Amino acid sequence: MAKIRDYGKLAADIKDIIGESNITAATHCATRLRLFLKEDPSDEITKKIESQPGVIQVVKAGGQYQIVIGMHAKDVYEELSKIMTFSDDAPVAKVGLGDRIIAIIAGSMVPFLYVLAGGGLLQGVLIIIRLILDKMSPGGSAAFDASGFGQIYNLISWTPFNFMPAFIAVSGSKHFKCNPFIALWCCCTLINPGFTEMANGIAAGTPLKFLFIPMTATTYSGTVIPAIVMVGVLSIVEKKLNNILPEDFRALFLPVCCVIIMVPLTVLLIGPITTIVADAVAKGYQFLYSLVPWLANGVVAFFWQVFVIFGVHHSFTPVATSELATSGFTIFFSMAAIAVCAQASACFGVWFKTRNSEMKRAALSAGVTGLFGITEPAIYGVTLRLKKPFWCGTAAAAVGGVIASFFGTRYFKYPGMVGFSTIPCAIYDKAAQEACTALGTADPSLANGIYGALIGTAVAVVLGFVLVQVVGFDDPVEIPPEEDDAAGAAPADEELKDTTVYAPMNGRVVPLAEVPDDAFASGLLGQGVAIDPSEGKLYAPFDGTVIGVFDTKHAYSLANDAGAEMLIHMGLDTVQLGGKYFTPKVSDGQAVKKGDLLAEFDINEIKKQYKMFTPILVTNADDYSTIEYIKDSGEVKVGDPLYTAKA
């Protein structure tokens, strides 16, 4: 991101790219230019905006088109106001439901995708070890699985997937801006071994009711959508309870009230809905297969990754295991394997086509793990995030599934995690022949199934890759490294020096990553920490100068002679207050000493509507070699050292 020097040019470029007639109103906070638009801009327009010098990213939230600029957002807003006349009304921008769903899923999943990819990679290594051991000695993998080494690493590899709701609780709480520990409590209840045992009892025929409502046998280990929905609703419930509960009792009773509401609500609503949908999908497939087998297989292959997203794919496991027991083979898993390989291929297509280095790394690792059956990183981190590649993968899977069905492809063994390595399950070997003979389903034509598996998978892989190249996608813009233009470059004789930042308020220090606002938590606006204040006073964090007091009085920019530039942003989204409850005690250009009072604010009134996390950021942190944290958690008092920006 190049440093902004010509605010007027950036404002004019934003107006021209978005279209003056589309902008109905504008405002700003400490770091964002907030636009109200008649129509939601296309992805191409957003990409152009994000590529402008000085623009960090674009965020669509709260019906606003928010352009994250940093400390100069006010300057760009003022220049925009000079060249535009806004209407009095500010309609909410139209955002498609599909885009909202994808944004929510991606926002909840992307932060821990590399953990899932790591687990998938480890599973792939274990699969390869088992194949080698079985090749060296029949049944060799059984001894490996029974060993302490095999069991420990198998446990490690499965943990991110089995406990996925817990990971979603952490990342989803940031996306939905709710308490991460309450979210963890809620989600961990669903994956508690006791809950799973209770669900298994229901499945075994022991009825159970919550009050007078029958409970279902739904389990939530490894699920995505139920956890996201739970955290999303929790954010609403928490906010309502936060306003209702007296402040003296809030800390103790808010968590327990949230949990006793959210867990039963999730179990009694999401559980039955999931069960109904899963049963409908399984029965629908069986009906369609009785009429047009090849079409049924193509449909399953096409929608398999959609089933994975909503957790419905688990409904096929009982049907598949029943087929193996009664006929000696199953069709479901053979189609699923083709779908998995097609989605991995779409990932490789993105890797080949994208020019964004971060996306290229993500696509490569997700594609590799996808081949072994772990498609969550591929779906949530790459293909679904980019939209078009996801459907390229599903379309390729459908074609491959139809081809395989003409060869009568089936799996004669339970494959576990389906993928490229499970194709040998389609071999009609001696053991499969004996099992089918005993069950009365033996047929020489079943030997052709392996050819269908190989050809169908090959077609799906090639087609998935090619479709991504042909159809394309909106390649994420890579923000170039920050560099000064000649006109705005700092004088050569200005030498950056170490700066220690001291606590400007009393309260609890919070790591920046835990601030429930992506722009701050990601570090895009600067590095530092945040404080959840315990009183309504803000003091100077070092000796320096007040560069700017924002019109809405909730944010201050400062600088010192050592070259540090600082932003203090009191509360999250408090710009909406328009300055209410904030009282500045300094003005622009005023020199201050460490500990001087900068502002007072009515903390009790503000907390009724907004979170008071206050980021204390060095906005030119990239100019420093490192940020050494002295205090990044726990209680703090005014004047306590927080961190040092090392030159």
Side-chain angles (χ1 to χ4, degrees), residues 28-34 56-57 59 61 66 68-74 111 173-175 177-180 499-542 544 546-550 552-560 564-577 582 584 598-599 601 603 606-607 609-622 624 627-636 638 640-645:
H28 73 92
C29 65
T31 58
R32 308 181 190 202
L33 176 65
R34 298 168 180 251
I56 298 173
Q57 69 172 152
V59 176
Q66 302 177 9
V68 182
I69 296 171
M71 294 176 63
H72 301 291
K74 176 185 176 183
S173 63
K174 293 181 180 178
H175 183 82
K177 297 179 174 58
C178 61
N179 188 302
T499 291
T500 297
V501 176
Y502 299 87
M505 49 178 49
N506 296 320
R508 177 175 60 91
V509 180
V510 178
L512 207 58
E514 295 182 9
V515 174
D517 185 291
D518 290 342
F520 290 118
S522 63
L524 288 173
L525 299 175
Q527 296 297 321
V529 298
I531 292 179
D532 188 7
S534 57
E535 68 172 354
K537 293 183 179 181
L538 175 70
Y539 300 87
F542 51 47
V546 178
I547 302 300
V549 177
F550 288 81
T552 46
K553 306 174 186 177
H554 74 297
Y556 291 74
S557 56
L558 302 94
N560 66 7
E565 299 173 3
M566 169 154 288
L567 169 67
I568 302 177
H569 192 287
M570 292 184 286
L572 304 179
D573 288 328
T574 46
V575 64
Q576 308 292 347
L577 292 171
F582 293 100
L598 299 181
F601 53 94
I603 187 172
I606 297 173
K607 278 190 172 183
Q609 303 177 60
Y610 301 99
K611 296 182 183 298
M612 270 308 302
F613 290 108
T614 299
I616 300 138
L617 309 176
V618 172
T619 56
N620 62 333
D622 289 345
Y624 290 87
I627 303 293
E628 292 186 355
Y629 292 94
I630 302 169
K631 182 84 171 179
D632 61 358
S633 63
E635 297 299 318
V636 71
V638 172
D640 290 348
L642 295 175
Y643 58 87
T644 298

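If you read the sequence from its start, that first residue is 1, and numbering goes on from there. If you're wondering where the values come from, they're calculated on a predicted model, not measured in any experiment.
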Name all residues meeting the ring-ring contact (aromatic ring centres under 6.0 Å, His included) criterion together with Y610; count only those two or more places apart in sequence or in a different chain, and write none if there are none. none
Heavy-atom pair with the smallest gap, counting every atom of F601 and K537: CE2-N, 3.5 Å
When you compare the side chain of T614 with that of M505, does any pair of heavy atoms fall below 4.5 Å? yes
Pairing residues for K607 by the salt bridge (charged side-chain N to carboxylate O under 4.0 Å, His left out) criterion, not counting sequence neighbours: D532
Under the side chain to side chain contact (heavy atoms under 4.5 Å, CB included) rule, collect the residues that match up with E635, sequence neighbours excluded. R508
N560 meets the side-chain hydrogen bond (donor to acceptor under 3.5 Å, both in side chains) criterion, sequence neighbours left out, with T499
How long is the gap from CE on M612 to OG on S534, to the nearest 0.5 Å? 11.0 Å
Which is it for F613 and D517 under the side-chain contact (heavy atoms from CB on, under 4.5 Å) test, yes or no, and what are the steps along the way? CA-CA 10 Å; F613 290 108; D517 185 291; over 6 Å; no
Of V509, T500, I630, which meets side-chain contact (heavy atoms from CB on, under 4.5 Å) against L642? V509
Given side chains that start at C-beta, do those of L567 and F550 come closer than 4.5 Å, heavy atoms only? yes
Any idea which heavy atoms bring S173 and P516 closest together, and the distance? O-CB, 4.4 Å
Inter-residue atom distance T644.OG1 - E628.CD, 0.5 Å rounding: 6.5 Å
Please list all pairs passing the ring pair (Phe, Tyr, Trp, His ring centres under 6.0 Å) test where one or both residues lie in residues 501-532, with sequence neighbours left out. F520-H569
Checking V618 against N620 for the side-chain contact (heavy atoms from CB on, under 4.5 Å) test, could you report, in this order, the C-alpha distance in whole Å, the side-chain angles of both residues, the deciding distance, and whether it holds? CA-CA 6 Å; V618 172; N620 62 333; 3.2 Å; yes
Not counting sequence neighbours, which residues clear side chain to side chain contact (heavy atoms under 4.5 Å, CB included) with V638? List them please. N506, Y539
Partner residues of D573 under the salt bridge (charged side-chain N to carboxylate O under 4.0 Å, His left out) criterion, sequence neighbours left out: R34
Got a sec, which residues hit side chain to side chain contact (heavy atoms under 4.5 Å, CB included) with L512, two or more places apart in sequence or on another chain? V515, P615, L617
Quick one: does E535's side chain get under 4.5 Å of I603's, heavy atoms only? no
Less than 4.5 Å apart, any side-chain heavy atom of L598 and any of P504? no
Any heavy-atom pair between the side chains of M570 and Y556 that's under 4.5 Å? yes
How would you list, by chain and number, every residue that makes a ring-ring contact (aromatic ring centres under 6.0 Å, His included) with Y629, sequence neighbours excluded? Y643
K611 side, atom NZ; T574 side, atom OG1 - distance, nearest 0.5 Å: 13.0 Å
If the condition is side chain to side chain contact (heavy atoms under 4.5 Å, CB included), which residues does N179 pass it with, not counting sequence neighbours? F181, I182, E238
Is a donor on one side and an acceptor on the other found under 3.5 Å between the side chain of S557 and the backbone of G548? yes
How long is the gap from CG on D632 to CD1 on I627, to the nearest 0.5 Å? 12.5 Å
Distance check, rounded to the nearest 0.5 Å: L558 atom CG versus I568 atom CD1? 5.5 Å
Quick one: do M566 and F542 satisfy side-chain contact (heavy atoms from CB on, under 4.5 Å)? Show the steps, please. CA-CA 10 Å; M566 169 154 288; F542 51 47; 4.0 Å; yes
